[in-house]
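Computed over heavy atoms, backbone and side chain alike; hydrogens, waters and symmetry mates excluded.
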Amino acid sequence: QVQLVESGGGLVQAGGSLRLSCVASGTIVSMFNMGWHRQAPGRQREFVARIFSSGATMYAESVKGRFTISRDNAKNTVYLQMNSLKPEDTAVYYCERGLTYWGQGTQVTVSS
């Protein structure tokens, strides 16, 4: 079955960086659209970034220019490089495949 396992979250100061990883099993990341979403306390889950099977990418306006989504086909892993982090980026970040399969999430906390 499809499994997505996120890692790389943590506590970081504003302006810092983190790289999230999403290791996939039971699927091939290069064959599907893969994405990252996040959910802050008391808020709905929101889209962050997507990488299409073609390799094209798209981003939420709130993270454009700061976050980069990429994939390593050899490692069957999708990444989210997050730079210039802000307190409002604090959330649980989820990896997904085709909006059908989801990981368990990884917590990102940005202190001011």
Side-chain angles (χ1 to χ4, degrees):
Q1 70 275 22
V2 176
Q3 286 191 320
L4 305 174
V5 179
E6 303 97 332
S7 63
L11 173 64
V12 65
Q13 288 189 328
S17 298
L18 284 174
R19 188 178 78 158
L20 306 184
S21 300
C22 172
V23 179
S25 58
T27 188
I28 299 174
V29 298
S30 61
M31 295 181 64
F32 295 90
N33 300 336
M34 303 290 298
W36 289 94
H37 294 244
R38 66 187 181 187
Q39 186 166 19
R43 301 187 65 176
Q44 288 189 330
R45 192 173 296 190
E46 64 175 6
F47 166 76
V48 175
R50 177 165 291 113
I51 183 164
F52 296 90
S53 55
S54 66
T57 58
M58 67 180 295
Y59 299 91
E61 285 297 321
S62 59
V63 307
K64 200 172 290 185
R66 300 188 297 122
F67 291 11
T68 303
I69 189 171
S70 63
R71 68 187 182 212
D72 184 328
N73 295 340
K75 295 183 178 180
N76 211 33
T77 299
V78 177
Y79 301 100
L80 185 68
Q81 178 67 43
M82 306 186 295
N83 298 327
S84 302
L85 283 161
K86 305 175 181 180
E88 51 263 45
D89 295 318
T90 294
V92 178
Y93 283 71
Y94 298 90
C95 175
E96 53 87 4
R97 191 205 89 173
L99 297 176
T100 300
Y101 296 96
W102 296 81
Q104 83 289 350
T106 185
Q107 176 71 47
V108 171
T109 303
V110 184
S111 64
S112 57

Would you name the heavy atoms of [X] and [Y] that are closest together and state the gap between them?
{"X": "S17", "Y": "N83", "result": "OG-OD1, 2.9 Å"}
{"X": "P87", "Y": "S112", "result": "CG-CB, 3.8 Å"}
{"X": "V92", "Y": "G105", "result": "CG1-CA, 3.8 Å"}

Is [Y] close to [X] at the side-chain level, that is, under 4.5 Å between some pair of heavy atoms?
{"X": "T106", "Y": "S7", "result": "no"}
{"X": "T90", "Y": "Q107", "result": "yes"}
{"X": "Q13", "Y": "S111", "result": "yes"}
{"X": "T77", "Y": "V29", "result": "no"}
{"X": "I28", "Y": "N76", "result": "yes"}

Contacts of type side chain to side chain contact (heavy atoms under 4.5 Å, CB included), residue Y101, not counting sequence neighbours: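 Scan of Y101 (side chain to side chain contact (heavy atoms under 4.5 Å, CB included), adjacent residues dropped) gives V2, L4, R97.
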Chi angles and distances behind the side-chain contact (heavy atoms from CB on, under 4.5 Å) call for M82, V12: CA-CA 11 Å; M82 306 186 295; V12 65; over 6 Å; no
Look up atom [atom1] in [X] and atom [atom2] in [Y], then write down how far apart they are to the nearest 0.5 Å.
{"X": "H37", "Y": "C95", "atom1": "NE2", "atom2": "SG", "value": "9.0 Å"}
{"X": "L99", "Y": "M34", "atom1": "CG", "atom2": "CE", "value": "10.5 Å"}
{"X": "R66", "Y": "Y59", "atom1": "CZ", "atom2": "OH", "value": "12.0 Å"}
{"X": "T68", "Y": "L80", "atom1": "OG1", "atom2": "CG", "value": "8.0 Å"}
{"X": "F52", "Y": "R71", "atom1": "CZ", "atom2": "CZ", "value": "11.0 Å"}
{"X": "F47", "Y": "E96", "atom1": "CZ", "atom2": "CD", "value": "8.0 Å"}

Y94 with V108, same ILVMFWY side-chain cluster at under 4.5 Å: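 No, because Y94 and V108 fall into different hydrophobic clusters, even though each may have its own neighbours under 4.5 Å.
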Same apolar cluster (I L V M F W Y, side chains within < 4.5 Å links), W36/Y79: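 No, because W36 and Y79 fall into different hydrophobic clusters, even though each may have its own neighbours under 4.5 Å.
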Result of checking L18, L85, L11 against V110 for side chain to side chain contact (heavy atoms under 4.5 Å, CB included):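 Between V110 and the candidates, side chain to side chain contact (heavy atoms under 4.5 Å, CB included) is satisfied uniquely by L85.
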Short side-chain to backbone donor-acceptor contact, Q104 and E6, under 3.5 Å: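 The answer is yes, because a donor-acceptor pair under 3.5 Å joins these two groups.
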Sequence-distant partners of E46, salt bridge (charged side-chain N to carboxylate O under 4.0 Å, His left out), two or more places apart: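 In terms of salt bridge (charged side-chain N to carboxylate O under 4.0 Å, His left out), with neighbours along the sequence ignored, E46 is linked to R38.
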F67 and Y93 aromatic ring geometry - parallel, tilted or perpendicular at 30°/60° bounds: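 Ring orientation, 0 to 90° scale: tilted.
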